[in-house]
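Below: one structure, written as structure tokens.
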Amino acid sequence: MAHKNLFHRIVILFLLISSASGGIFAQSRPQDKKVTLNMQQVTAAQLFKTVQQQTGLDFIYNVKDLNLVTRFNVSATGESVASLLQRVFKNENFTFEYSENTIIVKPIPDCFSVRGQVIDSATGELLPGANIRLLENPQQGTVTDLEGNFSFSFVSHDKHPTLVVSFMGFEDFTQMLKQRTEEIAIALTPAEQQMLDVVVTGYYNQRKESFTGAASNYSGEELTTISNQSVLHSLSALDPSFKIVDNISMGSDPNTIPDIQVRGTNSLPDASGTNLSEQYKGSANLPTFILDGFEVSVEKIYDLDPTRVSNISILKDASATAIYGSRAANGVVIIDTKAPKSGKLRLNYYGSADFEVADLSQYNLLRAADKLEYERLAGLYEGSDAIYVQEEYLKDYNERLKLVRQGVDTDWLSKPLHSVGVGQKHSVQLEGGNDSFRYGVNLTYNQSVGVMKGSGRNRLGTSIKLQYNYKNLRFKNELSFDNVLSKNSPYGNFSVYTYMNPYYSPYDEDGKLKQTAFQSSNPHLGSQAIPNPLYNSILNVTDSSVYDDFIDNFSVEWNILTTLKFKGNFSLERITRRNDTFKPADHTDFIGTDTNKGCYAKGSTVSLSYDGSAVLSYFNGWNTHTLSLNGGWNVQQTSSDYDSYTVTGFPNQQLNHPAFGNGFEEGSTIVGDAQTTRLMGFFGNVNYSYSNRYFVDASLRADGSSQFGSNQRWGTFWSGGLGWNLHNEDFLANDNINQLRLRLSTGYTGGQNFYAYQSMLMYQYQSRLTYQNYIGTIIKTFGNDNLKWQRTQKHNYGLDFALFDNRLSGYVNYYIENSKDLLADITMASYLGFDTYKENLGETQNKGYEFSLKGTIFQTKDWRVNLFVNGGHYTNILKRISSGLSSYNKKADAAGSTAPYVRYVEGASINTIWVVPSAGIDPATGNEIFISKDGTYTNKWSEQDYMPYASTDPKLSGTFGLILYYKNWELNSNFYYRFGGYAYNQTLVDKVENVDPYGNVDARALKDRWQTSGVAAKYKRINDLSKTKPTSRFVEKDNLLTGNSLSIAYTFDRKLIDKLGAERLKVILCANDFMRLSSIRREVGTSYPFARHFSCSAQLTF
Amino acid sequence: MVQKKILFLPMILCFTLTACEDWFDLSPKSELKAEDLFETEQGFRDALIGCYALMAQPELYGATLTYTYMDVLSGYYTTASGSLNAFRYAYEHDYTNQIEESRKDDIWKKQYNVVANLNCLLERIDEKVDVFSANNYELIKGEALAMRGFIHFDLLRMFAPSPSSCIPSIEDAIPYVDRYTNQLFPQLTVSEVLKRIIDDLQQARVLLAEVDPYGPRHSDFDLENLKGILKGRTFRLNYYATTALLARTLLYRGEEYDKSQAYEYATEVIQSNLFPLIGSADLSSIEQNGFIQENIFALEYIGMKEELIDVYFYVPNTSSQMLAISSTTLNNIYPIALNIDYRKQWWLEESGSYHLVSKYNYSERVPLLKVPEMYLIATETAPTLELATEWFNLLQHHRGLPNEELSEVQLKERLLKEYTKEFLAEGQLFYAYKRMNIDKTPITDTPLVNPKAVYTLPLPEENTFFVSD
């Protein structure tokens, strides 16, 4: 600013002077004018002034340039101006341009050549892909290669130009150059709260700046801020496309592994149900989880200690997932655990106390007197005209009335629950070492306690990470062992308690638990003993499962050339799992049986997997070109062996071992299975970017699998993408636009989440095929050698942006996913010997969008307020289905379910709710009136009138929240919302209309069911005990707002804790699932209640 | 230097790739891929044994197609008419009732499932002749072909009209499934199906003739001590079983030339003397009350007594599945005058006012072909009345009955009565009536308005499609 003004002044001065003295010196060349002077210790400016006075020549120069010239002595006698300037400034980089009356002083530009290396100051790791720019001209720059090295030559007028080194996830670093050729080492400091600038694909890393795929990155810090419980729950709160499928039934059961979907469902269910083993059902849409380069189960991630995670990437579209080929159709989640940092021995401790409080607010059950009144109104005690029988009914009623009058009103719901379930968690990490050798030891204990007494999940884990650098080689090995014990409550299924009548008492006269809660004798039901579920809790009941998981992960990195790198990885995992269920003879399950009471079911599974990969990466950057090439090979094998058996007859409950049983269950044998699957793939990727503005991305993978027909063993998957960094364009060079990137990509990925051998013509041996003392063998499945890979074509259009000094950032993605060649059951002519065979026939389409927006709305020295919102919406269409699925509709219709079920109709969505439209309850009779297909009203429900009534897909769903920083305080909130979808209120139907009137019911069954003629009612006639079939009356708007998490954290000042020898101390108070507002009033958590979770935790580093 | 190192990496990969087709070939423990199974002789044997095991299922010959359903259709069991009995609609030949429809459709499906298993074996056996030792290729292939013929023949007898009740060359019958495929088959006429069955049986007979210990060269074998793969052929589909089945099939087709052939085959089986009729001396032990020495082809079912026989023929378990014969019905089967009939004495047990089948109480074999039928076929097809009466009286003698002189008309009448007595609880009587196109129900002699509707079970409606041509 200052020199600009000066420059102006000089120009104006020059104009004035030239106009005044024009023509006087016009005849001779200006540089030939002679001067005579003798000056001591002058500045260049003073010299120019003297020359100007003598010759009338004006000087135009940059003040800043002249300031660099040291004072000097000069003398001249009649010397020409040109010769004088030449002589005086010969050591300075100036040239002089002479025009009529002026001399323009110009600096000669300098050539600079810088070489160097960029490293992570925290870990010492080299940073490939870091940006090096010239401050004065950001268009000029380079990036570091795979080894973090760069060399950069440029021309600058500035004598000491400044370089800006940036790498997202790290603070920017500026360095002024002192010499023209220089070798510098730059260490970047990691910036917390910033997204990493690389996309971790598992096999290699890609620069986000030139990545065309849709991928989201989250740091471990972000995850633990949401929840210290499970990585999966945190991810679902952070990413709009990562969803945990609602589980109304299992609530907050610590032992139910959540079902995950990324961008919706892509597979068709198996309609025949014959060839699939149960474990594959419902999980056909699970994404692939890669932990430190090794494919693991969703359970492993569920049990992973969130504090160990350093970074998670969710790869969504074809560009991001194509290198996973046949495993990529449902998305890929890459999880990396923290690497040990070098330096002196450091100890990190994380500890928390966790509290679980059951949320029963959705339950609204009848109290004792009301319940009995309901029974009377439902007509349970009006049986027959015969007086004798009627007397029996009356006797039963009076029996119950007596209990009510005695004041028995048991709150069954609270019996199996902790008022507060208290769990704890401790995690210790030791790390240290130097640049050539580093180590990290981790020890975790996590006892999570469920709200139901006796249920919980104990996780104990340890791991050792070693890293050794030798010349251009780096070896890493991680050995980890986990032991997870999951215990189910001896109190049994929670729903049993919701059905217990409040006028039953669990205790006898002595206040002891009795085995039978009530002995009813009703002419309709006969004599019946109602078991007391509480009684089982005092028995020696076992219902647990335990697994040991051992993983060794070895990798070697070899920097062959500065531009070429090899990485090899080998992992081995062995899991042993045991399930034990023991019910002693006294268990209420055996009321009414005389022989072989008590049973012990035992099952065990051993699985062994290995995974190996080798990747060669090439990375090179020239001035405006960046090229990266990756190619690799991957092989994996998984084998598992499972067996289970049931032994009965356990008279003594203390002898809870299968050896003490009387024998096998009648007719049962030991069941089991053993199988192995193998996969091999070759993959490659090219990424090229031109001047950081335009970039292309292409990937290819060929996968071979043992699960496919011998004619179609190999599948090829590919992707291609284009991108444009608008923010690097001149026309958008604007301080307010920090990032603006357009991406588009397309490609094919595959899916293989199904039973391994269904494609082949398999023969099975069975003991039931014994004939004449030989064991015979028969064909198990028809087999189809031509079965190919399911393929999902994914299109993605995306926009990433960061505006106003990065204060507002986010992304938008629009995607279309066409799944083709889905495995579907084809019905065969019945004389061909089999019902169905598998064919690649089904087609589905998912379309949707997702967005994420983050903004800093307020920022001062002490304050920072961030807001974020993300969301998404998708629709699904069945484009082509098989005859097997069509006949499934018929079969399902015939089964006459009271819950709506998926009907497979081409053009419809898999998420459609099919019901018969209802006109409501007839106030005259209390019967429901249905609207048949032709529009007429009828009393009769018929499956012919099924209509695609509504969709469960919400119009929008996602999360939003507020993050607030004040000095050392941090407040974090995260809410989940969804609206615009519908749901069938199944628990309401089941608790109000389809009730077992002999068990407890929702209060609305008494209050809101039709009783008097002429009075309109919401629910059908109170004494109508028929089952309500799917009707539009129970389709309700499903709008939901839940509080995922609310946390307050405080980080202590270093000075305060120094005395303790600690480096860092952070205390966090956190509440999860703390709030739930729903447009539907329904019982949630029927088999296991929902719970609110609170925790109080501390992070400490020594 | 570095360049060389890089080159060797792709070389490893290429090497791995070439070996990987084998690397992908995997099977679970309890299962075997077809291509691996049929690498050995044992594999072929196991697959054949599997077919016998399938045939012996209760839904096929283990019960339904022999002593329960098929004999309910022929009217043996009086209790089946009870309104709570599980077979009441079958007893009335109401094949459209939902339970009955699914029962017969299930028979159809399961029979064809055995056929599919046989076809899978037969399609591979010719390529693998090398894996067989001695004459085992002929034995297994012959047996499988005979079984394919056997099953198609019973499907034809159930689901298509008998040749005597229609014009067999134009009447649509069933497909003859002789390939393992998901392609459709044409619906053949009765004549075409019969021809295919006879072709398969003839081919089987030729294959077995030279090598089967239960064949013309039986004197070369020590039949008491057969070993290895030959063990157990006594009552499997051996040469004589195939020959007997041919006799049965040819008689069913019933053309003039067929009859003389049937006579030859029937007498060949009888004259082998490997399946002697029972004599009074044999009847001393209860183990013989199933007359198992007369079986040419029978299916073994270990545990049949407890699992099945006691369900249908045991009073303490009286249930809706109880199958018992009233005294009136019994007298229709075995006339009172002939109380000395071995069969009446040994095969039935009195239980109050009912009689229960006891022939399976000590045997775990269900006969599918037995030598008395050969005597009856010989009687029916004998070139002269004299010869016919001779065969007939031979059987009478071994049933404890006196010799008789009979006219041609009398003989025909007696023949049908003899089927009624001889095939109690074996599922053959229904087919005998059907073959002769009798417009009366067996046993009770009630006139039939529409015999075709009774004797021809409707084809399964769902999922039965045929190639149009």
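Each chain gets a letter, A, B and so on, in the order the sequences are listed, and its residues count up from 1.
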Exercise for review: Run the numbers on B:Phe185 and A:Leu832 for side-chain contact (heavy atoms from CB on, under 4.5 Å), then give the verdict.
Suggested key: CA-CA 9 Å; B:Phe185 282 79; A:Leu832 294 173; 3.7 Å; yes

**Study point:** Selection from B:Gln183, B:Lys109, B:Arg179 maximising heavy-atom pairs under 4.5 Å formed with chain A
**Key:**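 Among the listed options, the one with the most contacts to chain A is B:Lys109.
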
Practice item. Give the member of B:Arg45, B:Lys110, B:Lys231 that has the highest number of heavy-atom pairs under 4.5 Å with chain A. Key: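 Looking at each of B:Arg45, B:Lys110, B:Lys231 in turn, B:Arg45 comes out on top.
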
Check your understanding: Among B:Asn117, B:Ile49, B:Leu37, B:Leu48, whose side chain to side chain contact (heavy atoms under 4.5 Å, CB included) with A:Thr777 holds?
Key ->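 The single option meeting the side chain to side chain contact (heavy atoms under 4.5 Å, CB included) with A:Thr777 is B:Leu37.
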
Point to revise | Name of the residue among B:Asn113, B:Leu184, B:Leu155 meeting side chain to side chain contact (heavy atoms under 4.5 Å, CB included) with A:Tyr831 | key: B:Leu184

Atom pairs and distances, donor-acceptor, side-chain atoms in residues 613-620 of chain A, under 3.5 Å, two or more places apart:
from: A:Ser617; atom 1: OG; to: A:Asn630; atom 2: OD1; distance (Å): 2.6
from: A:Tyr618; atom 1: OH; to: A:Asn620; atom 2: ND2; distance (Å): 3.2

Would you mind checking which part of [X] comes under 4.5 Å of any heavy atom in chain A, side chain (CB onward), backbone (N, CA, C, O), both or neither?
X        : value
B:Val177 : side chain
B:Tyr176 : neither
B:Ile302 : neither
B:Phe38  : side chain

Point to revise | All pairs passing side chain to side chain donor-acceptor pair (under 3.5 Å) where residues 47-62 of chain B contributes a residue, at least two apart | key: B:Tyr52-B:Glu143, B:Tyr61-B:Gln111, B:Tyr61-B:Asp154

Check your understanding: Heavy atoms, side chains only, cut-off 4.5 Å: are A:Tyr771 and B:Glu300 in contact?
Key ->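 A:Tyr771 reaches B:Glu300 side chain to side chain.
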
Review point. Does a side-chain heavy-atom distance below 4.5 Å link A:Ser830 with B:Trp108?
Key: yes

Point to revise | A:Tyr763 to B:Ala47 - nearest heavy-atom pair and separation | key: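 Distance-wise, the nearest heavy atoms are CE2-CB, 4.1 Å.
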
Review point. Checking A:Tyr765 against chain B: side chain, backbone, both or neither under 4.5 Å from a heavy atom?
Key: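 It is both, since atoms from each part get that close.
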
**Study point:** Interface moiety of A:Ile779 toward chain B, non-hydrogen atoms closer than 4.5 Å
**Key:** both

Exercise for review: Go through the steps to decide whether A:Phe834 and B:Tyr112 satisfy the test side-chain contact (heavy atoms from CB on, under 4.5 Å), and finish with yes or no.
Suggested key: CA-CA 8 Å; A:Phe834 298 89; B:Tyr112 274 114; over 6 Å; no

Check your understanding: When rounded to the nearest 0.5 angstrom, what distance separates NZ in A:Lys780 from NZ in B:Lys33?
Key ->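 Here the rounded value is 14.0 Å.
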
Exercise for review: Let me see the working for B:Tyr180 and A:Phe782 under ring pair (Phe, Tyr, Trp, His ring centres under 6.0 Å), right down to the final yes or no.
Suggested key: CA-CA 9 Å; B:Tyr180 185 80; A:Phe782 181 79; 4.9 Å; yes

